[in-house]
There are 2 protein chains.
Amino acid sequence: MNATDDALTILRTRSLSGVLEREIEKAILGGEIPPGKRVNENLLATRFGTSRGPVREALRALEGLGLVELIPNRGVFIRQPAVEEAIEIYDVRTVLFGLAGKLLAARITDAEIARLKGYLEQMEAAARSRDFDRYYPLNLAFHEFIIDACGNATLAAQYRGLVKKLHLFRARSLVQGGGLEVSNLEHREMVEAVTARDPERAQRAHSDHVARAKARLLAAYQKAEAQAPRLTN
Amino acid sequence: MNATDDALTILRTRSLSGVLEREIEKAILGGEIPPGKRVNENLLATRFGTSRGPVREALRALEGLGLVELIPNRGVFIRQPAVEEAIEIYDVRTVLFGLAGKLLAARITDAEIARLKGYLEQMEAAARSRDFDRYYPLNLAFHEFIIDACGNATLAAQYRGLVKKLHLFRARSLVQGGGLEVSNLEHREMVEAVTARDPERAQRAHSDHVARAKARLLAAYQKAEAQAPRLTN
DNA sequence: CAACTGAAAACTGTCAACAGTTTGCAAAGC
DNA sequence: GCTTTGCAAACTGTTGACAGTTTTCAGTTG
């Protein structure tokens, strides 16, 4: 994509409310506006130098994404998923990611295999040196790559929406729970399955990976709950 | 839910743009505004006796649902999924419905089993007498019941969104393709699997059902394409 | 001192108007 | 006759203002 294309894309996808939607989403996911809190339309409008109209439109779009909740005459509130919802999301993610693995195994190119293996090696290196700051973005890119390369845009959109909602989960710090090495063993099996171009095996490997992440989260959560029960309310 | 509750719910969920969203969605899914066509904000505003503000908000919400597309300075257009997207949707639906079956098998009550069997018998009766007009709403209710009873609201929301998008598929009349009897055999296996409270079997039965529906759609589509190629553009 | 009451402030819901862009159409030029 | 150009109508994007509701808080009462 060259500079002209880029400018055109910007012009085509601009529209104040579209930009606002992304900015507000960033503010929400970045934790700038804490979950449960009401969003003040006037504040946002003055902050971005616009009127309330576009802000309201952006908020309605975010409501569709499930990031905020709209209560008539009271305003929009940042959603705050309970554990139960986080579990629901993990269950859905499990089958979606499994499908991504299955589809990927059926269509992956040699170049893509090489790239996956590259991620894997880097992650294993980072895990060996316990370098979590290097591991985390690699892990993210690895999963993003699979979701994109599977070739199903509908799946990718749904998956991304779920991950965003999970970011609002109050105990999301626990999501990281579970050792780097354990996770990497699962990653290796995923890569081997798609390398073998075995859809069924890949589906199992990919969904098992998310299912185990769910189990790790639950374990960490129940442990945290036992230590500080107020976290669960 | 009594009358007071009902009134409260209405009051709480009203808000002009919320009502508009549902009304406009109805107009779109009902085919009143044909796919590909631009939606005129002024027309909608005068039709519902409001100003353009709430209409725009409702349209932004519908954009999030994937029913319309927003092109800056040109307006919103009813989305028109290509075959490729319909296929994507069916693939995602396959795993989602499979998950619904799995979850349902693990939690279904005797009363719910009885209800499912009731649907099944009525559908079989309708199929025997080739009464499609009676079969169709039963089939819909049967699937809705499974999605609701599985206990995963996230799954249900995603599933419903996909079904709505499928309604915009130009050749959606083909979705019905496939005999009533064939479909009912699959329904019977689904019900038997959840009755046996066997999650794995139920998951397989439920996802196979959608996967076969996808195959039937594809076969019908390719047949229609051969007869009238312009349909595919 | 705690609970209640009522008015003021803050905020959301809606509207009508204005600015800027796109689209449709008719006249001019080749 | 066909393309091009320029204008006018239609429509979208955005704004500021007003109406109605909720929230806050000081004053009052038991």
Side-chain angles (χ1 to χ4, degrees), chain A residues 4 7-25 27-28 32-65 67-80, chain B residues 4 7-25 27-28 32-65 67-80:
Chain A
T4 310
L8 276 176
T9 328
I10 290 171
L11 276 172
R12 196 167 305 157
T13 57
R14 72 173 172 186
S15 92
L16 197 40
S17 60
V19 177
L20 281 182
E21 184 187 334
R22 261 166 288 179
E23 285 300 318
I24 297 175
E25 180 187 305
I28 293 173
E32 198 175 320
I33 313 173
K37 188 91 184 276
R38 199 193 74 227
V39 176
N40 190 320
E41 294 177 2
N42 259 317
L43 233 62
L44 284 177
T46 52
R47 166 174 169 179
F48 294 112
T50 71
S51 73
R52 278 173 50 223
V55 171
R56 283 179 64 89
E57 286 180 28
L59 288 175
R60 283 304 300 259
L62 290 177
E63 187 200 10
L65 292 178
L67 295 186
V68 302
E69 194 174 358
L70 193 54
I71 302 179
N73 286 325
R74 297 200 41 212
V76 303
F77 294 77
I78 311 290
R79 285 210 46 203
Q80 202 172 6
Chain B
T4 310
L8 276 176
T9 325
I10 289 171
L11 276 172
R12 196 167 306 158
T13 57
R14 73 172 171 189
S15 92
L16 196 40
S17 61
V19 177
L20 281 181
E21 183 186 336
R22 261 166 288 180
E23 284 302 317
I24 297 174
E25 179 186 306
I28 292 174
E32 198 175 320
I33 312 173
K37 189 89 183 277
R38 199 192 74 226
V39 176
N40 189 320
E41 294 178 1
N42 258 317
L43 232 63
L44 284 176
T46 52
R47 167 175 168 179
F48 293 112
T50 72
S51 73
R52 279 173 49 223
V55 172
R56 284 179 64 89
E57 285 180 29
L59 289 175
R60 283 303 301 258
L62 290 177
E63 188 201 9
L65 293 178
L67 294 186
V68 302
E69 193 174 358
L70 193 54
I71 301 178
N73 286 326
R74 296 200 40 212
V76 303
F77 294 77
I78 311 291
R79 284 210 47 203
Q80 201 171 8

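Naming convention: chains lettered A, B, ... in sequence-line order (proteins, then strands); numbering from 1 in each chain. Below, all heavy atoms of this structure are taken into account, side chains as well, without hydrogens, waters or symmetry copies.
A distance of 14.5 Å separates CZ of Arg38(B) from CD of Glu69(B), quoted to the nearest 0.5 Å.
A search for side-chain contact (heavy atoms from CB on, under 4.5 Å) contacts involving Arg52(A) returns Glu41(A), Asn42(A), Ala45(A), Arg56(A), not counting sequence neighbours. Looking at residues two or more places apart in sequence or on another chain, you find a side chain to side chain donor-acceptor pair (under 3.5 Å) between Arg47(B) and Glu32(B).
With a 4.5 Å cut-off on side-chain heavy atoms, Leu44(B) and Asn40(B) do not count as touching. The shortest distance between side-chain heavy atoms of Leu70(A) and Leu59(A) does not fall below 4.5 Å.
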Using a cut-off of under 3.5 Å, enumerate the N/O to N/O pairs linking the protein to nucleotides 10-14 of chain C.
from: dC11(C); atom 1: OP1; to: Asn40(A); atom 2: ND2; distance (Å): 3.0
from: dT12(C); atom 1: OP1; to: Arg38(A); atom 2: NE; distance (Å): 3.4
from: dT12(C); atom 1: OP1; to: Val39(A); atom 2: O; distance (Å): 3.2
from: dG13(C); atom 1: OP1; to: Asn73(A); atom 2: N; distance (Å): 3.1
from: dG13(C); atom 1: OP2; to: Arg56(A); atom 2: NH1; distance (Å): 2.6
from: dG13(C); atom 1: OP2; to: Arg56(A); atom 2: NH2; distance (Å): 3.2
from: dG13(C); atom 1: N7; to: Arg52(A); atom 2: NH2; distance (Å): 2.8
from: dG13(C); atom 1: O6; to: Arg52(A); atom 2: NH1; distance (Å): 3.1
from: dT14(C); atom 1: OP1; to: Leu16(B); atom 2: N; distance (Å): 3.0

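Gly53(A) comes within contact range of at least one nucleobase, with a heavy-atom separation under 4.0 Å.
Put simply, CZ on Phe77(A) is 11 Å from C1' on dT23(D), counting in whole angstrom units. Arg60(B) has its CZ atom 13 Å from the C1' atom of dT12(D), to the nearest Å.
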